Each structure stands twice: as structure tokens, then as C-alpha cells.
Amino acid sequence: MEKNNLKINSQAILEEKILNWNSVQQSFEKSFGSEIYTSWLKNINLLREYNDHVILGVKTRFFRDWITSRYADKILSELKKHKISINRLEFKIEPDESDKKTVFSNTTDNRITDIKDSTLNYNRLNPNLNFENFIVGKSNNLGFLSAKKICLEQSRYNPLFLYGGVGLGKTHLLNAIGLKLKENNKVMFISAERFMYQFVKSIKKNEMVNFKDFFRKANVFIIDDIQFIRGKEALQEEFFHTFNSLFDQSSQIIISSDRPPNKLDRVQERIKSRLSGGLVVDIGIPDYELKIKILRKKISDYQNSFKENPELQEEVINYIAKSSNSNIRELIGIFNRVVAFGKMSKKPLNVGECKLILKDIQNSNKVISIDKIQTVTSNFYSISLSEMLSPRRSRPLARPRQIAMYLAKKLTSRSLPEIGRKFANRDHTTVIHAVKTVDKISQNNEEVRKNIEEIKSLILSD
Ligand code: ADP
Ligand code: MG
């Protein structure tokens with residue numbers, strides 16, 4: 001009798017449908033579309049499953065609020081397709097380490113705490129990035145002229161959209177506009193990343209009304225690096241409304257981006273069309289002539305501020321302009337480095353020495369791959385690559401593996417999940433654990449710290 005009972009029970013359990021979360025996720029993607037899916041639903045975890053309800057894990061309160069206010073009903077009806085008995089959803093917040101990184105990608109933790117509530121932080125215009133010391137050449141002439149034009153005649157070209165690669169002067173021009181217009185206007189200057197930060201915080205603290213008021217008061221609104229909003233649905237929604245109300249009240253809007261509006265993938269069409277509705281201007285790669293002009297300006301700045309000559313030979317100047325990359329930020333970096341070396345060696349550098357410095361700088365900008373980190377690290381510890389990636393947990397393998405993960409985190413811009421995938425599909429939590437462990441060990445263990453330094457320099461050399 002008892003035996004029978006048991007049998008029936010286990011049978012009942014077996015028959016009870018168990019959700020296959022992967023296929024649920026797939027159907028989310030199908031019915032919500034991949035945009036919403038990747039922005040919001042992909043990161044939902046199934047924590048507990050009951051007959052009539054499920055507990056779903058999300059990373060932040062903000063995610064939970066956003067998802068429940070918009071998608072809960074549809075999520076439930078999707079779930080019901082997989083398991084009809086479910087009639088309720090519960091969300092649980094399970095923060096994790098990678099959280100900050102995914103919400104504020106490219107933001108270091110330090111910079112987050114840096115941002116205080118004070119409004120001053122939005123408008124930190126740099127007085128040195130003005131029109132007077134912006135050097136004009138073929139590649140940036142149009143950008144320069146339209147930035148100037150905006151300052152004379154507002155809301156004629158609205159928005160002004162400036163785009164171009166890194167280090168070509170976009171932020172400089174935006175800043176110059178801000179400085180100029182600040183004299184007679186209420187200027188708001190913010191990067192898209194900070195806009196996001198402020199937005200998320202306002203939602204969390206229930207201060208969206210203030211947020212909206214705050215940004216909509218501006219009659220000049222300057223937003224830097226708009227490409228940051230790609231793939232971030234909620235942010236786009238808010239940006240769209242902010243844009244519209246500013247536009248409706250004829251506030252001048254100025255935007256920068258690393259690419260033209262039509263190339264902003266994973267951005268809503270209606271936003272792209274707003275962005276391209278005014279004047280779109282690209283800032284190109286500087287030619288030799290412009291690079292020379294910038295170097296000459298730097299030399300005269302140097303003379304003015306230090307009352308001495310930086311002692312650059314003509315052929316060195318030409319060499320720098322010729323062989324530097326197409327990035328003005330880097331060009332200025334090389335100039336500073338060459339001048340500093342010249343000062344140290346107490347004689348002007350020749351082209352040969354200058355070559356070495358340039359090579360050094362260009363190396364330090366080199367992209368480092370996880371493959372490379374794995375190879376160098378496993379060679380260093382005399383284990384094979386397959387041992388490094390294997391599931392075995394013995395210390396002689398686990399330690400090098402953890403160090404390689406640690407270095408992947410420190411030396412590349414890859415996300416934790418991406419790193420995990422490169423290590424035979426490990427979970428991102430494993431990577432977090434590795435980073436923490438190695439951090440801790442290297443604090444207490446001189447030898448490990450030295451080894452890590454050595455591996456690092458092996459990775460960085462050649
Ligand atoms: P972006 O925002 O396009 O990445 P930035 O505006 O930050 O580039 O410019 C990088 C650096 O190069 C800054 O120090 C900036 O002052 C300088 N710079 C860029 N373009 C010029 C220019 N035409 N004249 C003088 N300095 C420039
Ligand atoms: Mg910039």
C-alpha cells in the first residue's frame with residue numbers, strides 16, 4: 001500500500017510540467033522581438049518554480065520595476081503557453097557583481113561614486129576646450145563652422161549632430177559651444193552615460209519628476225557620445241521624450257556620436273530620424289597638414305607657459321605628424337612624451353629616439369586578446385592550453401586559470417560573461433570569483449604578485 005502511494009506521488013511529480021527555461025527564453029525573444037528581449041528579458045532567471053507561480057530573479061530594482069510595469073502580462077501569457085497552471089509571477093532582486101558593469105558599461109566604479117547629486121556635475125565645462133584653441137583643418141572645418149554658427153543663430157539647425165572617430169575633437173567642440181552659449185543661456189552639458197546614470201538613479205529614488213524638470217529647463221542641451229544609448233530601450237524612451245520637449249520649446253540641441261545617425265544600430269527608428277532632422281556633420285581624420293598645425297600650436301603653448309623652447313627639431317615634428325595615427329588625442333600624447341624625454345636627456349631628441357617612443361605608445365594602445373592571455377599564462381605555468389580550459393580543479397591548474405581570467409578582466413574590455421565563454425563556457429560568476437580570489441592572493445602573496453606582473457609584461461611586450 002505504502003509502496004503504491006510512493007509510486008503515485010513520484011508519478012505525479014514526473015507528470016507535472018517542468019519549465020524548460022531555455023525554450024521559454026526563446027519564445028520571449030520571438031514574441032517580444034530581439035531588441036526588448038536583449039535589453040530586458042534575457043537576464044531574467046528562473047529561481048523557483050511552483051505549480052501555480054514562478055519566482056523570477058532580476059538584477060536590480062530598476063529592472064524589476066521596468067519589467068513589471070511593461071511586460072508582466074505578456075510574460076505571464078508566454079509562460080502559460082509552456083505551463084498552463086501558472087497564474088502569477090513573483091520577482092526577486094538578486095544583485096550581482098557584474099551588475100554595475102552591465103548597466104554602466106565603460107564606467108569605472110570610481111567614476112560612479114564621483115557623480116554627486118549636485119547639478120554642478122552635469123555642467124563641468126572645461127575652460128581650456130574652447131573655440132580659440134581648436135585648430136581648424138580640412139577634416140574638421142565644417143564641424144567647426146557649424147558649431148560656431150549654432151552659437152550665433154540658435155535653433156536654426158536643430159539638432160546639430162557631430163560625429164567622428166575617437167580623439168578627433170567632438171567633445172572639444174561641444175565643450176566650446178557650451179562655454180560660448182553659457183554666457184546668455186541655460187546650458188546643460190552631459191554625456192549620454194551620465195544621463196543614463198542619473199536616469200536610473202531617479203527611477204530608483206522615485207524622483208522622475210525632478211529628473212524630467214531638470215533636463216527640460218535647459219535652453220541649450222548638449223549631449224556627448226549618444227552611441228551609448230544603443231540597445232538600452234528604457235533610456236531611449238526617456239531620451240526621446242526629453243528630446244521632444246526640448247525641441248518643442250525651441251531649445252538648441254547638440255549631439256555627438258562616434259557614427260552617423262543611420263549607423264546607430266539598436267536605436268529606435270524614431271530617434272534616429274529626430275537625430276538626423278537638423279544638421280549632420282562629420283569630423284574626419286586629420287591630414288598631415290592639420291597635424292603639423294596642431295603640433296606647432298602645442299609648441300607655442302609650451303613656450304608661452306614655460307617660457308622656454310621645447311627644442312623639437314623640424315624633422316622630428318615632421319616625423320611625428322607623418323607616423324602618428326589619425327587620432328589627435330594620441331598626437332598630443334606623443335608630443336608631450338617626446339618633449340618630456342627631451343627635457344630629461346637634456347638634449348633635443350633625434351628621429352631615431354622619437355621612433356622608439358612612438359612605438360612604445362602605439363604598443364600600449366594595442367588590443368589584447370583573451371587568447372593571447374591564455375597562451376602566455378599557460379606557457380608561464382607550463383601547463384597546456386587544454387589543461388587551462390579543462391574542468392579539472394586541482395590547484396596547479398586552477399590557479400593559472402584564475403590568473404588568466406583575472407588578467408582578461410584587467411587587460412581587456414570584455415564583459416564577465418564574454419570572458420566566461422572564452423574559458424570553456426564558464427559562468428560569469430566563476431570569473432567574478434577568480435578576479436576576487438586573485439586580487440586577494442596578490443595582496444598577501446609577494447610571489448604571486450610578481451608572477452602576475454611578469455605575465456603581464458610578457459603579454460604586453462611583442
Ligand atoms: P573626441 O571627443 O572626438 O573623442 P576630444 O574632443 O576629446 O575627442 O579630443 C581629444 C583631444 O584632442 C582633446 O585634448 C582635444 O582638446 C584635442 N583636439 C582634438 N581636436 C583638436 C583640434 N582641432 N585642435 C586642438 N585640439 C584638438
Ligand atoms: Mg569625446
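All ligand and atom numbering here is 1-based and tracks the order in the structure. Only a predicted model underlies this, so the values are computations on that prediction, with no experimental measurement involved. In this chain, residues are counted from 1 in sequence order.
Closest to atom 18 (N) of ligand 1, if we only count protein heavy atoms, is Ile328 CG2, 3.4 Å. Ranking the protein heavy atoms by distance from atom 25 (C) of ligand 1 puts Asn133 O, 3.3 Å first. Given atom 24 (N) of ligand 1, the protein heavy atom at minimum distance is Ile135 N, 2.8 Å. Protein heavy atom closest to atom 7 (O) of ligand 1, with residue, atom name and distance, is Arg329 NH2, 2.8 Å. Of the protein's heavy atoms, Thr171 OG1, 2.7 Å lies nearest to atom 2 (O) of ligand 1. Atom 8 (O) of ligand 1 has its closest protein heavy atom at Gly169 N, 3.1 Å. Summary of contacts: the protein heavy atom closest to atom 15 (C) of ligand 1 is His172 ND1, 3.4 Å.
Here Glu269 pairs with Lys272 in a salt bridge; the nearest charged N to carboxylate O distance falls below 4.0 Å. A salt bridge is absent between Lys170 and Asp225; no separation between the charged side-chain nitrogens and carboxylate oxygens falls under 4.0 Å. In summary, Lys232 and Glu237 do not engage in a salt bridge, as defined by a charged side-chain N under 4.0 Å from a carboxylate O. One finds no salt bridge joining Lys297 and Glu132 here, because no Lys/Arg side-chain nitrogen approaches an Asp/Glu carboxylate oxygen to under 4.0 Å. Taking 4.0 Å as the cut-off between side-chain N and carboxylate O, Lys212 and Glu238 count as a salt-bridged pair.
Side chains of Gln268 and Glu233: a donor on one and an acceptor on the other come within 3.5 Å. Using modelled atom types and a 3.5 Å distance limit, the side chains of Asn219 and Ser251 yield no donor-acceptor pair. With no hydrogens or angles considered, a side-chain donor-acceptor pair links Asn309 and Gln303 at under 3.5 Å. Under the 3.5 Å distance criterion, with hydrogens and angles disregarded, no donor-acceptor pair is assigned to the side chains of Ser369 and Asp371. A donor atom on one side chain and an acceptor atom on the other are not found under 3.5 Å apart for Arg449 and Asn444.
At a 4.0 Å heavy-atom cut-off, ligand 1 does not touch Ile283 at all. With a 4.0 Å cut-off on non-hydrogen atoms, Asn175 does not touch ligand 1 at all.
When each atom of ligand 1 is checked for a heavy atom of Gly165 under 4.0 Å away, the hits are 3 (O). Remark: ligand 1 atoms within the under-4.0 Å shell around heavy atoms of Asn140 are 23 (N). Within ligand 1, the atoms closer than 4.0 Å to a non-hydrogen atom of Phe134 are 20 (N), 21 (C), 22 (C), 23 (N), 24 (N), numbered from 1 in the order shown. Within ligand 1, the atoms closer than 4.0 Å to a non-hydrogen atom of Leu129 are 16 (O), numbered from 1 in the order shown. Each of the atoms 4 (O) of ligand 1 lies under 4.0 Å from some heavy atom of Val166.
Among Ser257, Gly167, Ser191, Gly143, the residue whose heavy atom sits closest to atom 1 (P) of ligand 1 is Gly167.
In this structure, the side chains of Tyr288 and Asn318 come closer than 4.5 Å at one or more pairs of heavy atoms. Contact of the Ile223 side chain with the Ile254 side chain is not registered, since no non-hydrogen atoms from C-beta on lie closer than 4.5 Å. Annotation: side chain of Arg426 is in contact with side chain of Arg401 (closest heavy-atom distance under 4.5 Å).
Taking distance alone, with nitrogen or oxygen atoms compared against 3.5 Å, Ile332 stays at or beyond that limit from ligand 1.
For the Mg ion (ligand 2), the nearby protein N/O/S atoms, meaning those under 2.8 Å, are Thr171 OG1.
A cation-pi geometry, defined here as NZ or CZ lying under 6.0 Å from the six-membered ring centre and within 45° of its normal, does not hold between Arg399 and Tyr381.
Taking every heavy atom of both residues into account, Leu181 and Gln154 meet most closely at CD2-NE2, 3.3 Å.
Contact between Gly137 and ligand 1 is absent, with no heavy atom of the residue lying under 4.0 Å from the ligand.
Distance remark: protein heavy atom present below 4.0 angstrom from atom 27 (C) of ligand 1.
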